[in-house]
Amino acid sequence: MLARLGLDEGERERFGAQLEAILDHISKLQQVDTSDVSEMAQVGELVNVMRDDVREPCLGAERALSNAPAGDGRHFVVGAIQENELDG
Amino acid sequence: MTQTAETPAIAALERYEAVIGLEVHAQLLTVSKMFCGCSAAYTDAAPNDNTCPVCLGLPGVLPVINRQAIEYTVRTALALECEIPEFTKFDRKNYFYPDLPKGYQISQYDTPLSRNGRIEFPVGGETVRCGITRVHLEEDTGTMHHAGDVLQSATQSFVDFNRSGVPLMEIVGEPDLRTAEHAREYLVRLRQLLMYIGVNDGNLEKGSFRCDANISLRSREAAELGTKVEVKNMNSFRAVHRALESEIERQAAVLDSGAVIQQETRGWVETRGRTVSQRSKEYAHDYRYFPEPDLPPLRLDSAFVERVRASLPELPPARARRFVDQYGLNAYDASVLTSTREDADTYEELVRLGVAAKLAANWLMGDVAALANEHRLGLRDSGLGIAGLSRLLGLLDSARINGPTAKELLTELYVRGGDPEAIVLERGLGQVSDETELEALVDAAIAANPVAATDFRGGKQQALGQLMRHVKEATGGRADMPLVNRLLRERLSR
């Protein structure tokens with residue numbers, strides 16, 4: 001998405017300098033010795049949060065489709081997908 | 001298995017070695033979905049009825065891990081002799097397709113639930129051993145169909161999210177398989193195992209058990225690995241076998257012509273009997289995996305793992321070995337009788353009810369299997385039931401009825417049920433095994449067939465058949481035929 005922002009020449013220079021400063025600031029982190037710190041996937045301390053295998057009420061098609069841009073009352077409808085264009 | 005004429009694929013395997021690895025996706029038999037409480041029975045509902053904000057990928061929702069899905073995956077991993085690391089987490093696999101509403105699939109990347117397993121199975125006379133790289137857990141996608149059902153001409157696609165979020169276990173096999181036959185047997189055994197431990201229903205047609213294959217050929221002379229092709233869209237064991245044979249043949253022809261194999265994905269087209277290119281894999285997919293921030297990681301301690309291990313049933317290979325040791329069956333019978341958990345349980349129940357081990361095996365694998373197939377009704381649920389069959393075989397074993405009578409009664413009572421003993425008494429079906437009575441019939445048979453008697457005395461063994469038939473008919477088919485045989489031989493040797 002970022003790549004789609006239209007910037008004029010002046011903006012490009014101004015934001016370029018700002019981005020540079022941000023990256024410089026963050027690169028200070030590289031000075032920290034992390035050799036004893038294991039990688040983390042999350043900042044929270046939670047583990048093993050699970051639910052029991054119990055069925056709960058669903059929305060049903062009508063409500064599920066109520067905000068869909070396009071539908072036929074039963075399905076979400078999208079433009080045709082050419083199988084060879086995209087990954088499945 | 002099938003010893004047919006040499007196929008082109010088998011001929012190609014004299015020049016090239018095929019290297020095959022399989023990936024299986026198996027839906028878990030949970031009641032609810034992987035990360036929400038929607039029903040996982042996606043085929044039972046009208047399109048999009050089994051959906052909620054979580055499995056529709058609406059903003060601001062929080063997935064929560066289904067504990068049963070974790071347990072089923074660990075159960076599978078243990079049955080495949082995998083290691084279960086203490087730490088595991090989920091990751092986001094990002095790609096864009098209309099059946100994936102979040103724009104990413106919750107899967108596992110670098111810390112799968114399990115690794116380094118193996119499965120062994122017989123093919124022909126040899127034991128094939130295939131490593132299991134990993135077993136991990138992810139979520140299934142929605143399903144799509146296309147207007148007009150012809151993809152190229154469709155202008156719209158219709159999406160149903162009932163399947164979105166159904167727990168999907170991925171079992172990645174090592175490239176240890178060398179023939180299409182290996183691949184098929186691997187899948188047969190793996191499916192049997194998953195059904196045995198109650199985690200998957202094994203339905204290839206409906207897609208609850210799906211398979212993709214990676215296959216390359218390498219020259220028997222050179223050691224370097226060939227370029228790998230991924231084959232998809234095989235939804236039967238037969239399709240897997242045919243697709244891989246066809247792919248071996250195709251790749252061998254390409255290599256023979258001096259050309260190179262393109263790395264690509266090919267789909268099996270049943271009607272054309274060959275694979276066709278689906279899309280080029282020149283651009284390696286960048287799925288931008290990163291840890292799923294909405295799901296805290298899991299720490300599976302050894303107490304949990306051991307509890308799951310203890311819940312595993314005796315697995316088919318071990319059970320077959322025990323059947324050989326405990327019941328004196330041969331390896332083939334033991335393997336047939338343990339092919340499903342229900343069959344093996346039925347056999348053991350029958351033996352517990354007092355039926356001789358070999359007798360029970362013969363009847364279950366023969367007449368009972370035929371009737372079960374004919375009526376689409378297992379013995380357990382039939383009118384006769386396991387107890388009824390044990391009484392019927394008891395009458396046979398104690399020589400109160402003979403084999404043909406037992407077969408007739410089995411056929412008659414299989415669906416409608418009834419007490420075999422009462423029917424034997426009521427209709428006078430009891431076997432005639434009184435020696436005095438049979439001796440009189442034997443004498444009458446000899447008197448009525450003097451030529452046959454003379455022939456037999458002259459050394460013509462087949463002549464005995466005519467005399468046996470005479471006695472059999474005289475008793476309405478109820479004679480104890482082994483006894484008749486002995487009495488006839490005694491009489492004629494005097």
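Residue numbering restarts at 1 for every chain, and letters A, B, ... go by the order of the sequence lines.
- Interface remark: B:Pro291 contributes side-chain atoms only to the contact with chain A (heavy atom separation under 4.5 Å).
- With chain A as partner, the option from B:Ala69, B:Cys36, B:Pro53, B:Gly142 having the largest number of non-hydrogen pairs under 4.5 angstrom is B:Cys36.
- Heavy-atom contacts from other residues, nucleotides or ligands closer than 6.0 Å to CD of A:Gln18 number more than 12.
- The line from CZ of B:Phe35 to CZ of A:Arg51 is 9.5 Å long, rounded to the nearest 0.5 Å.
- For a residue to count as touching a neighbouring chain, one of its non-hydrogen atoms must lie under 4.5 Å from one of that chain's; by this rule B:Cys55 does not touch chain A.
- Heavy-atom neighbours of B:Tyr109 OH from other residues, nucleotides or ligands within 6.0 Å: at or below the threshold of 12.
- No part of A:Asn67 comes within reach of chain B, as not one of its non-hydrogen atoms sits under 4.5 angstrom from that chain.
- Between the OG atom in B:Ser32 and the CZ atom in A:Arg55 there is a gap of 8.5 Å [rounded to 0.5 Å].
- B:Arg67 and A:Asp53 are not joined by a salt bridge, as no carboxylate oxygen comes within less than 4.0 angstrom of a charged side-chain nitrogen.
- Heavy-atom pairs under 4.5 Å with chain A peak, among B:Met144, B:Glu292, B:Arg299, B:Gln68, at B:Arg299.
- The contact between A:Val54 and chain B is made entirely by backbone atoms, counting heavy-atom distances below 4.5 Å.
- Only the backbone of B:Asp294 comes within contact range of chain A, with at least one heavy atom under 4.5 Å from a heavy atom of that chain.
- By the neighbour-count criterion of 12 heavy atoms within 6.0 Å, atom CD of B:Glu306 is densely surrounded, having more than that number from other residues, nucleotides or ligands.
- Nearest heavy-atom pair across B:Pro297 and A:Leu46 is CD-O, 3.7 Å.
- If you tally non-hydrogen atom pairs under 4.5 Å between each of B:Cys38, B:Cys52, B:Ala45 and chain A, the highest count goes to B:Cys38.
- To the nearest 0.5 Å, atoms CZ (A:Phe76) and CG (B:Asp99) are separated by 13.0 Å.
- When every heavy atom of A:Ala61 is checked against every heavy atom of B:Pro47, the shortest pair comes out as CB-O, 3.4 Å.
- In this structure, no portion of B:Glu71 lies under 4.5 Å from any heavy atom of chain A.
- Here the side chains of B:Thr51 and A:Cys58 are not in contact, with every heavy-atom distance at 4.5 Å or above.
- Put simply, CE on A:Met50 and CG on B:Asn66 are 10.0 Å apart, with the number rounded to the nearest 0.5 Å.
- For B:Leu56, the part sitting under 4.5 Å from any heavy atom of chain A is the side chain, from C-beta outward, and nothing else.
- Between A:His75 and B:Val159, the closest side-chain pair of non-hydrogen atoms is not below 4.5 Å.
- In this structure, the portion of B:Leu295 lying under 4.5 Å from any heavy atom of chain A is its backbone and not its side chain.
- Considering only heavy atoms from C-beta on, A:Val47 stays 4.5 Å or farther from B:Pro296 through its side chain.
- The neighbour count for A:Arg63 CZ, taken as heavy atoms of other residues, nucleotides or ligands under 6.0 Å away, does not exceed 12.
- Of the listed residues (B:Asn48, B:Asp49, B:Asp160), just one forms a side-chain hydrogen bond (donor to acceptor under 3.5 Å, both in side chains) with A:Arg74, and that residue is B:Asp49.
- Between the side chain of A:Gln42 and the main chain of B:Pro293, a donor-acceptor pair closer than 3.5 Å is present.
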